[in-house]
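Take a look at the structure set out below.
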Amino acid sequence: MAGPGWGPPRLDGFILTERLGSGTYATVYKAYAKKDTREVVAIKCVAKKSLNKASVENLLTEIEILKGIRHRHIVQLKDFQWDSDNIYLIMEFCAGGDLSRFIHTRRILPEKVARVFMQQLASALQFLHERNVSHLDLKPQNILLSSLEKPHLKLADFGFAQHMSPWDEKHVLRGSPLYMAPEMVCQRQYDARVDLWSVGVILYEALFGQPPFASRSFSELEEKIRSNRVIELPLRPALSQECRDLLQRLLERDPSRRISFQDFFAHPWVDLEHMPSGESLARATTLVVQAVKKDQEGDAAAALSLYCKALDFFVPALHYEVDTHRKEAIKAKVGQYVSRAEELKAIVSSSNRALLRQGTSARDLLREMARDKPRLLAALEVASAAMAKEDEAGGEQDALALYQHGLGELLLLLAGEAPSPYSPQPLAALPSPRALPLSAAEPPGRRRELLHTEVQNLMARAEYLKEQVKMRESHWEAETLDKEGLSESVRSSCTLQ
Ligand code: ADP
Ligand code: MG
């Protein structure tokens, strides 16, 4: 029974038990350390003969480097051993299964959940990228979950693919081409950028339930990989514009036009800066100190803006904090800042309104001068509709959408050319300029000056409004967190009894 290939192999110091899974190159077993700690680990057995020409020694050196890597979202390599046939990697055990199973038992993931996972994956990739390590075999099966209660991504199976060609001796592709960048399959020449393509496929699968090249037959799959067609995103489920933008830019067939690593890490949908981390609280605190200072100096607008920026870090800080007492203390403070920000908002709004009234005569003049240009007139109408909406209770979201729409048009009329297809904040939701006919730039003169000033006013309003909306969301999120916290403590008190 226990001949080669049957049952788990033997390994010094460990008792190997059930098979956890097997992938392209290896079989992974659950195991216990024989030492008194009885620590649970996962042991990956890689057959030496599956390695290509690169020497096994090279690989062992590499593993030594990987052993030094420690990151919250990377499966930790604790140790390794080898014998004549195999290399054994002793890894941290992940009890939550892999991302593939997680997605498919839920069919699709809501955008919010996908985003948290994507942030975790991005932070792992950023860490590796800074150390010049590529993964080259990113797919949901290689992304594990720490546990199912509080799922937490752990990137697995990296640093290895560099030693194994995706083609075996018979030129047959190993692994799944569903996740491989087209240049990897077609040109056989590729670099680290293939990882970004795979991230796009994983995100696509998480949101739409299957990868973009899902096919019924191999010939259909091959056709899809080799085609030049732009990857089309399904219309449903409804997703944010930022999320669609990221997908489209990751799933760019030409690696030189694909989003860069830096732009990926900084993309507003990923927003690594605001990911819950050990630094969130310190950053929030720095900003709140500045806010209080501005507030004392009587600069209400600057103070408000700083409070809002601080809240953007307090919410992730609360998500990160595990100690209930500390969590409560932060929450109480956040409550105070939110109240002060609400007061400041009232002060700032009333002075804004006064400013807005001051601008009325210039605005009327501009409108008068726009009579012979219906497109300009229409855009100015949209802007006034936005201002009117702003005064309505609960009209902030609508006002913001109108501002963004109106500003998109006005900027186009002012510049006369298509702005870059993706403008970062505050104009992230502008309609795609490609959909609009090109227009000539507004010629120099009084009308251009007035238009320029008006655009700046409107941009400031939109920016301010956006901060307000965000502040409300942060506040709301901090409150829901409260309820979660409550249910958590109820649950733990139940298990104690
Ligand atoms: P391969 O190089 O052969 O693809 P992987 O490292 O991806 O090997 O592991 C194969 C499978 O084994 C994974 O998809 C996962 O289901 C399981 N597995 C791997 N590592 C662990 C781990 N640390 N904890 C739990 N399960 C694991
Ligand atoms: Mg694998």
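If you're wondering where the values come from, they're calculated on a predicted model, not measured in any experiment. For ligands, and for the atoms within them, numbers begin at 1 and follow the listed sequence.
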M91 heavy atoms within 4.0 Å reach ligand 1 at atoms 20 (N), 23 (N)
For D98, the atoms of ligand 1 under 4.0 Å from one of its heavy atoms are 14 (O), 16 (O)
The atoms of ligand 1 lying under 4.0 Å from a heavy atom of A26, numbered in the order shown, are 3 (O)
Numbered in order shown, the ligand 1 atoms found under 4.0 Å of a heavy atom of Q141 are 13 (C), 14 (O)
Original post:
Without hydrogens or angle criteria, can the side chains of D137 and Y179 be said to hold a donor-acceptor pair below 3.5 Å?
Top reply: no
L178 side chain near L221 side chain, heavy-atom distance below 4.5 Å:
yes
With no hydrogens and no angle check, just 3.5 Å: does a side-chain donor-acceptor pair link Q210 and Y204?
no
- Item | Test: E463 and K466 ion pair at under 4.0 Å | no
Practice prompt. Could you tell me whether some N/O pair between C94 and ligand 1 is separated by less than 3.5 angstrom?
Written response: yes
A student comparing I143, L89, D157 should find that the heavy atom closest to atom 5 (P) of ligand 1 comes from D157
Heavy-atom proximity to atom 27 (C) of ligand 1, picking from V40, I43, L144, points to L144
Exercise for review: Give a yes or no on whether a salt bridge exists between R249 and D245, defined as a side-chain N under 4.0 angstrom from a carboxylate O.
Suggested key: yes
Atoms of ligand 1 under 4.0 Å from any heavy atom of A42, numbered from 1 in the order shown, are 22 (C), 23 (N), 24 (N)
In ligand 1, the atoms that come under 4.0 Å of a heavy atom of K44 are 1 (P), 2 (O), 5 (P), 6 (O), 8 (O)
Among the N/O/S atoms of D157, the Mg ion (ligand 2) lies closest to OD2
Query raised in the report: Does F102 have R106 sitting over its ring (NZ/CZ under 6.0 Å from centre, angle to axis within 45°)?
Result: yes
For the pair R326 and E321, find out whether any cationic side-chain nitrogen is under 4.0 Å from an anionic carboxylate oxygen.
yes
Within the 6.0 Å centroid threshold, strictly below: Y337 and F314:
yes
message = If the cut-off is 2.8 Å, does any N/O/S atom of Q141 fall short of it from the Mg ion (ligand 2)?
response = no
In ligand 1, the atoms that come under 4.0 Å of a heavy atom of N142 are 4 (O), 7 (O)
